[in-house]
Structures are given as C-alpha cells and as structure tokens.
Amino acid sequence: MAEYGYNRRQFIRELGISAGAIGLSAYFPAYLHARGVTCRLSIMHTNDTHSRIDPYPEGSSMAGMGGISARMDLLNTIRSESKRSILLDAGDFFQGTPYFNFYQGEVEIRAMQQLGYDAATLGNHDFDGGMDNLFTQLSRAKFPVVCANYSFGRHALAQRCQSAVVIRRDPLKIGVFGLGINPSGLIPPALVPHLTYVDPFEAARRQAQQLRTICGCHMVICLSHLGLGYADDRPSDRQLAQTVPGIDLIVGGHTHSFLDQAEVYTNPIGQRVYVVQAGHSGLRLGKVDWDIKVGKRTEIYPVEASLISIGDSKNLGLGPFKGERPRSLC
Amino acid sequence: MSRVFLLVWILLTVMVKPSRAVSWDNFREKQRPNSILNLHIYSTTDTTVLKARRSKRSQAHFNSYRSYQINSDSILKDRGYSPFLWVDSFRNLQNLMTSKPLIWSPKILIKSMPESELTNLLADMLLFESRQIWDSVDVALLNPGGIRAGFPADTLRLMHVMEVLPFPNRLDRITLTGGDLKQLLDHWAAKGGVAASGLRMTIKEGKAIDILVGNEPIQLNQSYRIALPDYLVDGGDGCSFLMGRQVQRGAFRITDLVAAHLEKWGSSGAPLKTQMDGRIRVQ
Ligand SMILES: [Zn+2]
C-alpha cells in the first residue's frame, strides 16, 4: 500500500540516498530494491477535448486558444524536461466541431495517436456516431482504451476496450483503469444497443485491488468520466475519492471543470486521494508531478499539480476561467 | 554512508553519462520515431513561463497554477505545422464543403447570459422556422450549452454555423401546460438564462417570474406549444421532467434550419440584424 507524507528533513535525507541509488542502479539493480529509489513521474491529462483540432476561431471569447499543434508543442516541452511522463485523456474526445460531423472522429483519433496518449477512457459523446463508428475510429490508434464499468457484450468494442492497463516507466508500474458515466439521459439508447452499465464504485473497488495486489502497481490512477460532483447523489469523482480505497489519483472529465487547484480527499482507510480535471476543448493541459519511492515499501509524494494554458497568450486568464471556478476543498 | 554514495554517483555520472541516459530512457522515447521527436525539441525552444503563483493554503507544496506561453506563428495559425500536415487535407475538403457564403455579419456575436444578441438571434430564427413546420408554436427554446461558439464579424458561412451549433440535434415540438412551462423556465433561470423567443421573463433568486408568453401573462392551466431540441425532450441537460410528454418529432436538424434561414435572409443582400430587447432580465 502506498503511504503519503511529506517530511522535509526526511525528504532531504532520502534525496541524498536516492541520488546515489539512481547513479548506481543501472549497474547494481539489486541495490535499488534493498534501499529504495525515488523517481519523478509527470502525469499529463486532458478531458472533453470535443474535436477541438484547430484553435478556437474568431468570434469566440477563447479565439486562438487550444489546438492540437500547440498541445503537441507543450507536451514535447514537458517530455524533454521530465524523464518519465504519462499522457491520459478522460473521455469526450468526439463531437464539438465540424471535424466530427464530417469525418466521424477519424481526425481526433489520429491526432491522439500522434500526440502520444498512453490511455483514454470513453465519454458519453464518444458514442455520438454509434458503437460501430467508435470501433472503426479507435482501430486507427494503438493506445489502450480503458473502461471498467461498461460491458459491450458481443460487440467488437469489447475487444478494443479493456478495464485497466499497467503502464511501465521503469522502475515504476502505474495502474490505470477507466470509469464511464451512466448513459441513461445522456446517450440515446438507439446508439448503444449492446452497452451495459455497471455500478462504477463496485468496478473501481475491484480494479484498484487487482492493480495493487495482482499487478503490483506502485500507483493507481482512475480515469473517470463520471463528473466532478453534483448537487444530487449521482456518482461523481468527489464521492469516488471518499468511498473507494486504493486509488491515488482521479483524473476526471464530463463537468468541464477547470481545477486550477487539485482537490484533496481522504479515503476510508485514511489515505489521501487527489482529484484533478483540465476544463475542456484542449484549452488546458493538466500536469501532476509525483515523487515515488520504490523499494520494499512504496511511498508516494505529491510534488505539484498545475493547469497549463494552451495557445494564444492574448487571452490568458480570460474567458475559460470566468464563472467556472469550482470550490476547492484544500 | 550517503556521502560516500553521492561521491561514487558523481564520479559515475561524469564518467559514463551517455550510457546512463540510454539505460534510463523512458518507454515513450523508445516508442516514438526519432524524426518526430527531434522536430519538436527544436520547435519548443521559445517556451517561456509567464507567471507563477503558489497557493498559501495547507497544500502549498502541491497546488499551483502556471501558464506557459508558446510564441510561434505556425502554432497560432495551426497550418503548415509539420507534424500535423495530414490534417490539412481534411481541413481543406471540409472548408470547401462548408465555405458557401450565407450572410454578412457586421459585428462579433458572443454568447452570454441571461440574454445576448447571439442567443436571441438563434431563438428568433428557430421560432420563425418552427412556425413554417407546425401551424402553431408559442415559444422556441434552445439550451445555452448547445451553443458552442460565436459568430465573427465576417461573411458567415456554413462552417461558422457548424461551429456555433455542432450537435446533430433536431427541432421537436412539445406541448406543455403553463405550470410545466414555468417549471422549465425555472430550470433555466436557476442556470442563469436561456436562448428564448416568444416570451419575456425576469429571473429573481433563480426563479422565473413575470412570465409573458407572446404578450399575455402565462396561464398555468392553458397549454402551450414549445419548439426545442430533441436533446431536451429526451431529458438531456437536467430536463428529465420533460420525458414522456406529448411531442411532435421534427425532421430537421437545428444547424440546418439556422443555416437555411441565414441563407434566405442573406440572399437579398441584407446584413445580419440582431437585438437585445430585455426579454430576459435579472432582478
Ligand atoms: Zn461527457
């Protein structure tokens, strides 16, 4: 089990030890396991990109912002700075611009493949072209699609989607599982004849446990399209964080929330859980940095969570933040 | 102890740095083709950190907000940018198909709440068009969430309409009692406003008051015919209370209705005319 804590003195001491370990580990791998080594991991995330291939057009309060080229540039800047990075998307990559109306998602999926996504989950709008279309488009890409609480019966999508994936960034093993929102009232039933929705918290409990105990993951991430939180009792990221043990980070979507502060919760066994979300339309890239100490006991230290603007500087801080700044609990 | 290791580490780093870099190379870099990787490293040298702000709350070490600025003309225009050159072929074909001019718009129109020239314009056009389809329609409503962009001060083309109304929803007509209509308007009042035509109302403490349908105060027992997207009729955007009502399904997509209306309007050479008439006020 991961343990959280941040003790400056202890951290500095470990920094010295682990620096030595990093230097030696390539030559003496056994040493690494005996004393532990601290690794920096950057998790980058987007959600609800909604077919925003080009930057916002003129005539919008966000004109010039977003776009896959600017996103690619930013990703590569970060990748050149950090040794280990993971890029995730929390769903709803389809629907929102004429690109989807004309090409049914081909452009979006090919762009995601090229941007180097390591995993994505499915949002309600990803079914807007039907299940057959979703399968056709996803076949153009190789990144794993994770969703633990949708079952597709005998449909081909069942082969393309999986509950969870273990992403390796030596020496780290990161478990990522996905959760989809209840389709009723959001997806017309005619579009998803083979889709069965399972309780997301039950699925999450099972995935988190399997990823930790069977797969031996150092960290477990939930890629969720449930939404940040609701006035009523619909399942949400905030509820999930406080209900299901074994999750370290929830990367959310659906509610288009610009969380410039990560929300921090405590799960039923007293560990901290972080909830992040990066607005919508590729206007922001979320980035969460961790120091993970690997050894006999895994320890996870959160370092920094940020939302990074993508695109035209003229509009920085305007538009997208207005009126949508969810309350932060920390 | 740790000092000894640190010393050994520094020595090893200096002596065999290249090989260490390779052995710790991450999974992704091995996966990615070299040509693409190199391209990007050069194109991102002008990235600067604009501002840094650290929270003084208890999680100060963890939460912060940063903005990176990327100054490159090729990125802002998003054309001819080498990694995504293939998008140009999709973009060009799409532009060809959607570049038909519809009407001249003299000014930029941006969506805002509780009413705006853009939301009023769209609702007015839908009310007009719905009255061509059905003989009696009292009110047209459009959920603001379905309006995803604004119009530029330019010749409006089909592509602009598709940016503003990207969802493939059709226009339906639903029959509601005055009481149910009041509930529907309260729902939007709580959200700050709605694109509406054929009615006037005031929002007070998240409730719709002083509702006029046409020019008459709303009668709670009278029945009204409302044109609105099938997305709402099917219970979307929190409108589950509309499900199972008496409804006439429409055959036309909202995007197509708006584009056709703008084309008819513009064919005489007249520019787009918009208005703010205080149909929705906030008290
Ligand atoms: Zn969604």
Side-chain angles (χ1 to χ4, degrees), chain A residues 6 16-17 19-24 26 53-61 64 67-70 72-74 76-77 79-80 83-85 95-103 107 110-111 114 116 168-170 185-186 188 260-262 264 302-309 312-313 316 330, chain B residues 2 5-6 8-9 12-13 20 23-24 26-28 32 40-41 43-44 47 50 55 57-59 61-72 74-76 78 81 83-84 86-87 90-91 94 97-98 108-110 148-152 154 159-160 162-163 166-168 234-236 240:
Chain A
Y6 195 85
I17 295 173
I22 290 170
L24 287 170
I53 301 294
D54 297 329
Y56 267 89
E58 195 195 332
S60 144
S61 55
I68 52 173
S69 297
M72 183 72 143
D73 252 29
L74 182 58
N76 283 292
T77 310
R79 282 167 182 160
S80 65
K83 198 148 243 167
R84 295 171 203 85
S85 65
Q95 192 69 268
T97 69
Y99 277 105
F100 181 74
N101 305 86
F102 276 91
Y103 304 111
V107 187
R110 286 178 62 173
Q114 203 175 331
R168 301 192 71 113
R169 292 287 182 273
D170 283 337
L186 285 171
D260 57 344
Q261 305 256 305
V264 189
V303 179
E304 186 185 42
S306 50
L307 283 191
I308 305 168
S309 268
D312 193 350
S313 58
L316 272 186
C330 60
Chain B
S2 61
F5 284 122
L6 199 61
V8 175
W9 171 65
L12 283 170
T13 313
R20 192 176 71 90
S23 67
W24 280 88
N26 73 27
F27 185 64
R28 169 186 313 289
R32 301 177 73 81
H40 291 300
I41 288 168
S43 66
T44 56
T47 298
L50 262 192
S55 161
R57 300 180 200 189
S58 58
Q59 291 293 315
H61 64 282
F62 187 51
N63 295 311
S64 73
Y65 170 67
R66 264 202 303 175
S67 295
Y68 286 65
Q69 181 200 358
I70 298 167
N71 313 302
S72 163
S74 65
I75 296 162
L76 297 185
D78 222 67
Y81 182 65
F84 291 114
W86 60 268
V87 177
F90 288 86
R91 188 184 286 125
Q94 178 184 304
M97 289 153 80
T98 59
I108 293 179
L109 299 176
I110 291 176
R148 306 301 276 209
F151 284 130
D154 200 349
M159 63 177 90
H160 296 116
M162 294 184 78
E163 280 279 353
F167 299 114
D234 293 334
S240 49

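No hydrogens, no waters, no symmetry mates; every other heavy atom, side chains included, goes into these values. Within every chain, numbering begins at 1; the chains are lettered A, B, ... in the order of the sequence lines, protein sequences first and strands thereafter.
The two residues Val107(A) and Trp86(B) make their nearest non-hydrogen contact at O-CH2, 3.5 Å.
Interatomic distance, Thr97(A) OG1 to Met159(B) CE, rounded to the nearest 0.5 Å: 12.5 Å. Rounding to the nearest 0.5 angstrom, the gap separating the CD atom in Glu163(B) from the OH atom in Tyr99(A) is 9.0 Å.
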For this session: Assess whether side-chain contact (heavy atoms from CB on, under 4.5 Å) is satisfied between Ile53(A) and Phe90(B), documenting all intermediate values.
Result: CA-CA 11 Å; Ile53(A) 301 294; Phe90(B) 288 86; over 6 Å; no

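With a threshold of 4.5 angstrom between heavy atoms, Tyr56(A) approaches chain B through side-chain atoms but not through N, CA, C or O.
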